[in-house]
Amino acid sequence: MPKVSLIRTESYDQRAMDAAVSQHLDALGFLIPSSVKTIVIKPNLIMKCTPERTATTHPAMVAAVCRYIREHSSARIILADSPGGLYTPQIMAGVYAATGMKQAAQKFGVELYTACVSRPVQAPDGQVCKDFDILAPILDADMVFNLCKLKTHCMTTLSCGVKNLFGCVPGLLKPQLHYRFPEGERFAGMLLDLAGLVKPAVTLVDAVDAMEGDGPTAGQKRHVGLTAAAVGEDIYALDLVMGRLIDLSPQQVPMLAQAVERGLCPKTVDEVSLCGNGAGFSPIQDFRMPATKGLDFADNIPRPFSWIVRGLGPRLAPHPKIRVKDCVGCGKCAESCPAKTIEILEGKAKINLSNCIHCFCCHEMCPAKAINVKANPIFQMFSKR
Ligand code: SF4
Ligand code: SF4
């Protein structure tokens with residue numbers, strides 16, 4: 001039976017976080033073998049922003065993990081991630097400073113990875129995607145610590161352990177994967193293939209302050225007061241449990257539904273062994289979901305009307321809409337658009353929706369939160385809420 005540890009962690013107080021990380025790993029029987037020479041810490045650094053935006057893993061959790069590894073191993077420790085958009089040493093230096101990683105890592109002699117090198121790698125067990133390009137330190141590590149943030153996500157509904165590993169793919173190669181796998185189902189399958197390739201040794205979830213609404217970058221902070229963890233392949237059960245925490249069933253998250261189908265994950269939380277003082281949680285029923293939730297809304301419409309709605313799907317489906325007055329013309333949306341359907345005209349972004357594949361990368365990467373997710377009223381009426 002998979003095992004997931006949940007601990008009430010009410011704040012980012014460093015002592016409390018240090019204690020929570022140790023309790024998780026002790027409860028899970030996690031050990032770092034002496035043969036491990038290099039460990040990579042992979043937080044969620046989706047964009048250059050401060051921890052207060054709740055889009056990135058909090059530095060207190062990263063510092064606690066750095067301390068834990070230092071106390072239990074003499075391995076070299078590297079912190080690495082790739083946000084969306086351009087991936088360069090200069091950009092990474094800015095991201096590490098803004099997100100608090102620099103301070104968290106330096107105290108423990110942890111290297112911040114700025115070389116920005118990646119390599120192609122085959123995923124022979126991949127069911128949807130068999131070839132990836134992955135950050136070199138992740139490929140070379142003996143052990144990966146996956147440190148994610150609990151968030152909603154406009155494309156995948158849930159962003160937690162599995163989705164966090166998409167950051168192992170460097171910057172502008174991420175939109176290529178969106179373009180290769182534009183349908184939500186196939187994209188979810190690709191994420192599972194990627195998780196099976198990276199195989200993190202342990203996954204920890206920062207859900208002290210989570211993100212609700214239009215995540216993963218433009219939602220709102222929601223205090224949950226919890227951290228969670230699982231080792232190895234229990235990452236899927238961990239996502240199942242965190243989904244349950246915010247009142248999402250596996251059927252509402254394609255990634256989880258497919259993990260269940262592939263036999264990676266139990267169907268219900270009842271089949272997961274929960275430990276820690278947060279194990280008795282109740283689902284947060286008013287946790288706000290993204291406007292995109294329920295993209296498969298045609299299933300909710302009585303026959304014989306559902307086929308008409310399916311035909312109209314692309315027109316009715318939620319789409320990105322620029323709030324022109326808030327757009328600063330930075331071009332980050334155009335840079336990250338896999339369909340190359342955004343232009344910057346007279347200092348403002350303009351989307352040609354006829355080519356849009358509804359991946360919401362533009363929404364995710366906009367530093368000014370100037371892109372709304374616009375849902376058709378018919379869609380809203382029938383979407384699964
Ligand atoms: S919409 Fe956002 S990302 Fe795009 S140009 Fe405007 S401010 Fe930049
Ligand atoms: S316009 Fe936005 S949602 Fe549409 S394809 Fe481009 S990045 Fe994706």
Side-chain angles (χ1 to χ4, degrees), residues 45-50 53 55-56 82-88 91 94-95 98 151-157 159 163 166-167 169-188 190-191 211 213-220 254 289-297 312-376 379-380 383:
L45 305 180
I46 191 167
M47 67 181 348
K48 181 181 172 183
C49 61
T50 62
R53 186 155 168 172
T56 51
S82 167
L86 286 174
Y87 184 47
T88 68
I91 285 172
V95 169
K151 297 186 283 184
T152 48
H153 194 288
C154 279
M155 187 181 182
T156 60
T157 308
S159 179
K163 178 65 179 66
F166 197 41
V169 175
L172 293 178
L173 295 186
K174 287 196 244 302
Q176 285 186 15
L177 286 172
H178 275 287
Y179 204 67
R180 278 172 70 190
F181 308 107
E183 312 86 5
E185 298 288 320
R186 289 189 24 96
F187 190 79
M190 178 278 294
L191 289 174
M211 181 178 279
D214 287 338
T217 60
Q220 291 78 41
M289 290 297 141
T292 48
K293 182 169 169 258
L295 274 170
D296 51 350
F297 65 107
L312 289 171
R315 283 180 212 196
L316 296 181
H319 57 270
K321 187 164 172 32
I322 312 275
R323 271 197 328 279
V324 176
K325 72 175 174 46
D326 295 323
C327 172
V328 296
C330 67
K332 288 203 179 300
C333 52
E335 181 185 281
S336 60
C337 174
K340 299 283 165 238
T341 196
I342 305 178
E343 281 181 290
I344 307 297
L345 298 171
E346 296 173 359
K348 300 286 179 184
K350 191 166 188 303
I351 302 176
N352 175 359
L353 282 174
S354 57
N355 298 325
C356 176
I357 60 170
H358 310 278
C359 65
F360 298 99
C361 290
C362 51
H363 170 265
E364 185 173 321
M365 294 319 300
C366 177
K369 292 192 181 179
I371 302 182
N372 286 345
V373 177
K374 188 111 174 81
N376 184 292
F379 171 89
Q380 284 178 318
S383 67

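Heavy atoms only: backbone and side chains are in, while hydrogens, waters and symmetry mates are out. Each ligand, and each atom within it, is numbered from 1 in the order the structure gives.
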For V328, the atoms of ligand 1 under 4.0 Å from one of its heavy atoms are 6 (Fe), 7 (S)

With heavy atoms only and a cut-off of under 4.0 Å, state how D326 meets ligand 1: side chain, backbone, both or neither.
-> neither

When you look for heavy atoms under 4.0 Å from ligand 2, do you find them on the side chain of T341, its backbone, both, or neither?
-> side chain

Hey, is NZ on K348 packed in by over 12 heavy atoms from elsewhere, all under 6.0 Å?
-> yes

Could you tell me whether P320 approaches ligand 2 through its side chain, its backbone, both or neither, with non-hydrogen atoms closer than 4.0 Å?
-> side chain

Ranking A370, C366, C362 by closest non-hydrogen atom to atom 2 (Fe) of ligand 1, top hit is C366

Atoms of ligand 1, numbered as shown, that sit under 4.0 Å from any heavy atom of G329 | 5 (S), 6 (Fe)

Quick one: which ligand 1 atoms are inside 4.0 Å of a heavy atom on C333?
-> 1 (S), 3 (S), 4 (Fe), 5 (S)

Is D214 reaching over with its side chain to a backbone N or O of A291, donor-acceptor style, under 3.5 angstrom?
-> yes

The protein heavy atom nearest to atom 3 (S) of ligand 2 is F360 N, 3.2 Å

Using a heavy-atom cut-off of under 4.0 Å, does the side chain or the backbone of N355 touch ligand 2, or both, or neither?
-> neither

Residue part near ligand 2, for I357, under 4.0 Å between non-hydrogen atoms | both

Short check: any N/O/S atom of C330 below 2.8 Å from atom 2 (Fe) of ligand 1?
-> no

Give the residue and atom name of whichever protein heavy atom lies nearest to atom 6 (Fe) of ligand 1, and the separation in Å to one decimal.
-> C327 SG, 2.4 Å

Proximal ligand 1 atoms for I371, defined as those under 4.0 Å from one of its heavy atoms = 1 (S)

Is there an N/O/S atom in C359 at a distance below 2.8 Å from atom 8 (Fe) of ligand 2?
-> yes

Of all the non-hydrogen atoms in the protein, which one sits nearest to atom 4 (Fe) of ligand 2, and at what distance?
-> C356 SG, 2.4 Å

Should T217 and R53 count as side-chain neighbours, where that means a heavy-atom distance under 4.5 Å?
-> yes

By number and element, which atoms of ligand 1 are closer than 4.0 Å to a non-hydrogen atom of I344?
-> 5 (S)

